[in-house]
Amino acid sequence: MSDDYLPGIYQRFLERFPEVAEAQGDLARTIREQNPFDDRTDRLIKLAVAVGAESEGAVRSNVRKALQHGASLDEVRAVALAAVTTCGFPTAIAALGWIEEVTTAP
């Protein structure tokens with residue numbers, strides 16, 4: 001799993017809409033500066049939100065980033081498992097599948 005992985009669709013977004021990407025990045029930094037969480041916790045929260053939204057791309061991205069910021073694979077999986085009772089079994093299973101695909105990719 002590469003630390004600098006960027007999906008093709010995101011790379012094309014950056015190329016086509018650099019001003020929007022910059023503004024979105026600025027907003028994300030501003031929001032991050034306002035929250036009291038360390039980077040690991042912040043990424044696990046974002047992962048939970050992505051799982052609940054059933055956003056495959058965001059789940060994959062936040063799995064990578066959570067692991068890079070010190071979360072364990074067990075913690076990442078626990079986030080998806082928590083979705084069973086809050087978001088439903090199919091949502092949790094999909095998230096677990098995306099997590100496994102990300103963490104087993106070359």
Side-chain angles (χ1 to χ4, degrees):
M1 175 175 53
S2 171
D3 288 350
D4 59 355
Y5 172 81
L6 289 176
I9 193 166
Y10 185 69
Q11 291 176 11
R12 289 187 296 279
F13 166 75
L14 293 173
E15 291 169 6
R16 290 182 185 147
F17 306 103
E19 296 86 7
V20 175
E22 183 177 345
Q24 189 277 332
D26 290 343
L27 177 59
R29 276 185 294 282
T30 300
I31 292 169
R32 174 67 187 99
E33 291 167 359
Q34 296 299 310
N35 84 46
F37 305 110
D38 59 44
D39 289 337
R40 181 187 144 281
T41 303
D42 182 60
R43 285 299 164 181
L44 289 171
I45 291 168
K46 288 177 180 176
L47 174 60
V49 172
V51 168
E54 298 181 39
S55 176
E56 180 179 355
V59 168
R60 291 175 180 275
S61 175
N62 283 291
V63 166
R64 285 185 204 88
K65 291 176 182 177
L67 294 171
Q68 288 169 4
H69 285 97
S72 71
L73 184 52
D74 285 341
E75 290 172 321
V76 167
R77 287 178 178 141
V79 169
L81 285 175
V84 169
T85 58
T86 55
C87 302
F89 187 75
T91 298
I93 293 302
L96 285 168
W98 299 328
I99 290 165
E100 294 310 311
E101 288 173 6
V102 167
T103 58
T104 59

If you measure from [atom1] on [X] to [atom2] on [Y], what distance do you get to the nearest 0.5 Å?
X	Y	atom1	atom2	answer
Q11	E15	CD	CD	7.0 Å
L47	E75	CG	CD	11.0 Å
L67	R40	CG	CZ	11.0 Å
N62	W98	CG	CH2	12.5 Å
R64	H69	CZ	NE2	14.0 Å

What is the minimum heavy-atom distance between [X] and [Y], and which atoms define it?
X	Y	answer
A80	A92	O-CB, 3.3 Å
V59	A95	CG1-O, 4.4 Å
A21	L14	CB-CD2, 3.4 Å
A58	A50	CB-CB, 3.6 Å

Electrostatic pair R60-E56, nearest N-O below 4.0 angstrom =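 A salt bridge is present here (some side-chain N lies under 4.0 Å from a carboxylate O).
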
For this session: Before accepting this row, confirm whether a basic side-chain N of the pair D39/R32 lies closer than 4.0 Å to the acidic partner's carboxylate O.
Result: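 A salt bridge is present here (some side-chain N lies under 4.0 Å from a carboxylate O).
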
> Between the side chain of S61 and the main-chain N/O of G57, is any donor-acceptor distance below 3.5 Å?
Replying inline: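 No, S61 side chain to G57 backbone: no donor-acceptor pair under 3.5 Å.
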
Requested in this report: Look at the side chain of S55 and the backbone N and O of V51, then say whether any donor-acceptor pair between them is shorter than 3.5 Å.
Outcome: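 No.
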
Under the criterion side-chain contact (heavy atoms from CB on, under 4.5 Å), I'd like the reasoning laid out for E100 against R77: C-alpha separation, chi angles, the key distance, then a yes or no.
CA-CA 9 Å; E100 294 310 311; R77 287 178 178 141; 2.7 Å; yes

Tell me whether [X] shares a hydrophobic cluster with [Y], the cluster being built from Ile, Leu, Val, Met, Phe, Trp, Tyr side chains joined at under 4.5 Å.
X	Y	answer
L73	L44	yes
L96	F89	yes
F17	Y10	yes

**OP:** Find out whether F37 and I45 are in side-chain contact, i.e. whether some heavy atom of one side chain is under 4.5 Å from a heavy atom of the other.
**Re:**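 With C-beta onward as the side chain, the pair touches.
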
Check: I9 and R12 side chains under 4.5 Å, non-hydrogen atoms:
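With C-beta onward as the side chain, the pair touches.
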
Checklist entry - Just wondering, more than 12 heavy atoms not from E22 lying within 6.0 Å of its CD? => result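 Open: at most 12 neighbouring heavy atoms sit under 6.0 Å from CD of E22.
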
